[in-house]
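First the structure, in the form of C-alpha cells, and then the observations on it.
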2 protein chains.
Amino acid sequence: MGATLQTVADQVGVSRSTVSNAYSRPDQLSPELRARILAVAERLGYPGPNPSARSLRRGKVDAIGVLLTANLSMAFRDPYAVAYLRGLAEAAEQRKTSLLLIPLPHNDQEGALDAVRNAAVDAFCVYCVPDWFKALEIINFRGLPVVGGEDPAITGQLSGEVGFVGIDERKAARRLAAHVAALGHRRVALIGHWITDTSVTGPVDVHPDELRYYVSGERVRGFRDALVAAGVDLADVVLINAAENDRLVGAEAAGHALDRQDRCTAILSTSDVLALGVLDALAVRGLRPGRDVSVTGFDDIPEAAAVGLTTIRQPSVERGRIAGELLLDPPADPQARHRVLPTTLVVRATTGPINQESSS
Amino acid sequence: MGATLQTVADQVGVSRSTVSNAYSRPDQLSPELRARILAVAERLGYPGPNPSARSLRRGKVDAIGVLLTANLSMAFRDPYAVAYLRGLAEAAEQRKTSLLLIPLPHNDQEGALDAVRNAAVDAFCVYCVPDWFKALEIINFRGLPVVGGEDPAITGQLSGEVGFVGIDERKAARRLAAHVAALGHRRVALIGHWITDTSVTGPVDVHPDELRYYVSGERVRGFRDALVAAGVDLADVVLINAAENDRLVGAEAAGHALDRQDRCTAILSTSDVLALGVLDALAVRGLRPGRDVSVTGFDDIPEAAAVGLTTIRQPSVERGRIAGELLLDPPADPQARHRVLPTTLVVRATTGPINQESSS
DNA sequence: TTGAAAGCGATACCAT
DNA sequence: ATGGTATCGCTTTCAA
C-alpha cells in the first residue's frame with residue numbers, strides 16, 4: 001500500500017528518474033537494471049506511475065471526452081448514436097486513446113456540471129447536445145480541441161474547434177418532405193426532438209425559424225421548405241415537440257397528431273426512433289402506415305429497413321470514425337477538416353399516396 | 001493561455017486557497033468574494049481547476065474504467081453489451097461519475113496495455129474479457145475496486161474485488177441443451193465465442209473442461225452436461241471456436257458444422273449474435289431452422305424475438321446497473337455484494353423435434 | 001547510463 | 001472567512 005516511485009527508487013538504490021524511465025522510456029536504461037527495478041516494484045506492490053500525477057506532469061491524458069446526447073444512458077437506446085460511438089471507438093482504439101463518457105445532468109444545472117469541468121481529457125467530441133446547454137460553454141472555456149459535427153455555426157464559435165463532420169441536414173430533410181408532398185399530402189404533422197425544450201412532449205406554437213436545437217431545427221426547417229414549395233398551407237402543419245429521442249415518446253407525440261378531428265395524413269419525424277413510436281401509435285389505433293397515414297423517419301437505423309420505414313440514410317459509424325480522426329490526427333489542410341457526408345432518400349412502405357377515403 | 005489558480009489569486013489579491021474554495025467549496029467564502037474571483041477568472045481565461053492536478057491531490061477522479069469486451073468497437077455491435085453499458089451509464093450518471101472506455105490492444109501485447117495502466121479512474125468494471133488477458137493482471141495490480149461479473153473464481157482473486165453480478169451460466173446452458181436433447185437431437189454442434197483463442201474460427205479438439213474463457217466455457221460445459229445426461233455420445237458433438245462475437249463469424253462457424261457429411265441436427269451457440277449468424281448460414285444453404293436444423297442462442301437480445309430464436313434470457317441493463325451500483329455504493333453486507341440474477345429459457349421457433357427425413 | 005533539482009497545478013489542514 | 005504551508009507523485013531538463 002502506498003508504494004510510490006520514491007519507495008521503489010530507494011529500495012533499488014537508484015534515483016526516481018531512473019525508475020520513471022524504467023516505465024516510460026525503456027530505452028534509457030540497461031535491460032538488467034530495468035528488470036531489477038520492475039521486480040522490486042512488483043514485490044513492493046507498486047502499481048505503476050500514478051495516472052493523475054503522470055498526466056499532470058506531461059500535460060496529456062490520452063483520452064477524449066464524449067458528450068453523447070444530453071442524456072447518456074438514453075443514447076444507448078438509439079442505434080444511431082451507438083453506431084456513431086462505435087466509429088469513434090474505432091478511431092480511438094487504433095491510437096490507444098480512451099473514451100471518457102461524460103454524463104450530463106438532466107437539468108443542465110450549473111453546479112451539476114462538474115463532470116464536464118473536471119473531465120481529464122485532451123479533447124472533446126460533442127454529439128447531439130442542444131446548443132443552449134451550459135456544458136458547451138464550459139467546454140468552450142476549457143479551450144480544448146473540439147469536434148462537434150452538428151451545427152457548423154455553433155461549433156465554429158467554440159474556441160477549440162478543430163473540425164466538423166456532419167451532413168446537410170436541411171437539404172436531406174427537404175428531399176424527404178418533397179417526396180411526401182409529391183404523394184399529395186397537405187395536412188402534415190412534424191415531430192421534432194428537443195425543438196423547444198427537453199421536458200414536455202406535445203404540440204408547440206413556434207415558428208420553425210425560431211427552433212434552437214440545430215439538428216432538429218434544420219430538419220424541421222427542411223420539411224417546411226419543401227412543404228411550402230409544394231404549396232402546403234403552413235396553418236395545416238402541426239409542430240410537435242418530443243422531450244426525448246425515444247420510441248415511447250414518439251408514440252406519445254404521434255398521439256397528439258392523430259387524436260384530433262382534422263387528423264393529418266402524414267407524420268414526419270426528426271429521427272427513426274421517434275418514427276418507430278409513431279408506427280406504434282398507428283398500430284394501436286388500427287391505422288395502416290402508408291395507407292391511412294404516411295410516416296417517415298431520419299437516420300436509417302437497421303430497424304427502419306425491417307419495418308419498411310421511409311427515411312433518410314446518413315453515415316453513422318463513419319461519421320463517428322471521422323470525428324475521432326479529426327480530433328486525433330487533425331489534417332493540415334483546413335479544407336479536409338470540414339466534412340459534409342452524403343445522404344440518401346430511402347423510400348419504403350410507410351409512405352404512400354394520399355388516401356381519399358380515410359382523409360375525407 | 002496558461003492562466004492558473006495562482007494567476008487568478010494574484011489578480012484578485014487573495015490566496016490560492018481562497019480561489020480554490022471559490023470553485024470547490026462555495027460555502028467557504030462570501031458570495032461577493034466568490035463572484036469577484038469567478039469574474040476575474042473568466043476575464044483571465046482561467047479554465048477552472050486542472051483536472052489532473054485536482055485528482056492527484058484529492059486522490060479521486062470520479063470516473064470508472066470500463067473494459068468492455070476484448071474488442072471495444074466490436075462490443076458496440078452486440079446489443080447485449082450495449083444494454084449492459086446502458087445500465088452502467090444509468091448508475092454512473094446518477095452519481096455524476098464518468099465512464100472511461102478503455103481500448104484493449106487486439107493482441108493483448110505487453111507494451112500496448114498502457115491505456116489500462118494509465119487510466120485515471122477510481123475503479124474498474126470488467127465485462128467479457130478472457131481471463132488470460134494481461135489487462136486483468138494490470139488491473140489486479142493496481143488494486144482498485146473491481147466488479148467483474150463473470151467468473152466468480154477469477155474476480156475472487158482480484159485484489160480489489162468488491163462484488164459480483166452475473167448469472168449461473170452453466171445451469172442456464174444446461175436447461176437450454178436439455179430442451180434440445182429432449183427434442184431428440186443427438187448429433188450436435190456447439191459454437192463458442194473465444195473458447196480457445198481470439199483469432200481462429202473453426203472446429204477445435206479440446207475437452208470442455210479445458211476451456212479457459214469463463215463465460216463461454218461454462219456455457220459449453222452446461223451444454224455438455226445436459227447432452228451427456230440425455231445419453232448423447234460426446235463423439236457426436238462438434239466444438240467450434242468463434243474468433244469474435246459477431247454475426248458474420250457465427251455464420252462462418254456454422255459453415256464448419258453444416259458442410260460435412262454427418263451434418264448435425266442442432267447447433268447451440270454461446271450468444272444470440274452468433275446464433276443469428278448460424279441462421280444466416282442455414283438460409284444460404286436452404287435449410288429451415290427448427291425443421292432441418294435446430295438453432296439456439298443465449299442472451300435474448302431484441303432481434304432474437306424478431307426472428308423467433310430459442311434462447312436463454314438474462315438481465316442486461318439491470319446487470320450493468322447493478323455492476324455500477326456495486327462499484328459506486330458497495331453495500332455493507334457482503335452477501336449483498338454477490339448477485340446471481342435469474343435467467344429464463346425462452347422457447348421459440350428455431351428449435352423443433354428431430355426431423356427423421358433430413359437427418360437420415 | 002544515471003542522478004539532482006525544479007516544477008506541473010491544485011487541495012487540505014491548521015492558524016488567524 | 002482567509003491565508004500559509006506542506007504535499008500529492010511524477011517527468012524532465014541538464015549535468016555528471
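Just so it is clear, the values below take in all heavy atoms, side chains as well, and ignore hydrogens, waters and symmetry mates. Chain letters run A, B, ... following the sequence lines, proteins first, then strands; residues in each count from 1.
Listed by chain and residue number, B:Asp329 satisfy the side chain to side chain donor-acceptor pair (under 3.5 Å) test with B:Arg95 (two or more places apart in sequence, or in another chain). Listed by chain and number, the residues in a ring-ring contact (aromatic ring centres under 6.0 Å, His included) with B:Phe141 amount to none (sequence neighbours excluded). Contacts of B:Arg25 classified as salt bridge (charged side-chain N to carboxylate O under 4.0 Å, His left out), with partners at least two apart in sequence or in another chain: none.
Atoms CZ (A:Arg57) and C1' (D:dC10) sit 8 Å apart, rounded to a whole Å. The CG atom of B:Leu56 sits 12 Å away from the P atom of D:dT11 (whole-angstrom rounding). Computed from coordinates, the B:Arg58 CZ to D:dG9 C1' distance equals 17 Å when rounded to whole Å. The distance from atom CZ of B:Arg117 to atom P of D:dG9 is 19 Å, rounded to the nearest whole Å. Distance A:Glu32 CD to C:dT1 P: 10 Å, rounded to the nearest Å. The distance between atom NZ of A:Lys60 and atom P of C:dG9, rounded to the nearest whole Å, is 17 Å. Whole-Å rounding puts the A:Gln6 CD to D:dC10 P distance at 9 Å. As rounded to whole Å, 18 Å separates atom P of D:dC8 from atom CG of B:Asn50.
Distances shorter than 4.0 Å separate some side-chain N or O of B:Ser24 from OP1 or OP2 on C:dT11. Regarding contacts with the backbone of D:dT12, a side-chain N or O of A:Arg25 is found under 4.0 angstrom from either OP1 or OP2. Dashed line: the shortest gap from a side-chain N or O of A:Tyr46 to OP1 or OP2 of D:dC10 is under 4.0 Å. Remark: B:Thr4 is in phosphate contact with C:dA10, judged by side-chain N or O atoms under 4.0 Å from OP1 or OP2.
For B:Arg339, the CZ atom is loosely surrounded, since the number of other residues' heavy atoms within 6.0 Å does not exceed 12.
In this structure the side chain of B:Leu29 reaches within 4.5 angstrom of the side chain of B:Ile37, judged on heavy atoms. Inter-residue side-chain proximity for A:Phe133 and A:Leu67 is flagged as unmet; no heavy-atom pair is nearer than 4.5 Å. Contact of the B:Val66 side chain with the B:Leu101 side chain is registered, since non-hydrogen atoms from C-beta on lie closer than 4.5 Å.
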Report all interatomic pairs (protein N or O, nucleotide N or O of nucleotides 2-4 of chain D) with separations under 3.5 Å.
{"unit_1": "D:dT2", "atom_1": "OP1", "unit_2": "B:Ser30", "atom_2": "OG", "d": "3.4"}
{"unit_1": "D:dT2", "atom_1": "OP2", "unit_2": "B:Ser30", "atom_2": "N", "d": "3.3"}
{"unit_1": "D:dG3", "atom_1": "OP2", "unit_2": "B:Ser15", "atom_2": "N", "d": "3.0"}
{"unit_1": "D:dG3", "atom_1": "OP2", "unit_2": "B:Thr18", "atom_2": "OG1", "d": "2.6"}
{"unit_1": "D:dG4", "atom_1": "N7", "unit_2": "B:Ser17", "atom_2": "OG", "d": "3.3"}
{"unit_1": "D:dG4", "atom_1": "O6", "unit_2": "B:Ser17", "atom_2": "OG", "d": "2.9"}

Identify each atom pair where a protein N or O and an N or O of nucleotides 14-16 of chain C are less than 3.5 Å apart, giving names and distance.
none

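A:Lys134 pairs in a side-chain contact (heavy atoms from CB on, under 4.5 Å) with only one of the listed residues (A:Leu104, A:Val116, A:Leu113, A:Ile139), which is A:Leu113.
Not a single donor-acceptor contact under 3.5 angstrom links the side-chain atoms of A:Arg54 to the base of D:dT11.
For residues 27-42 of chain B, there are no side chain to side chain donor-acceptor pair (under 3.5 Å) pairs, not counting sequence neighbours.
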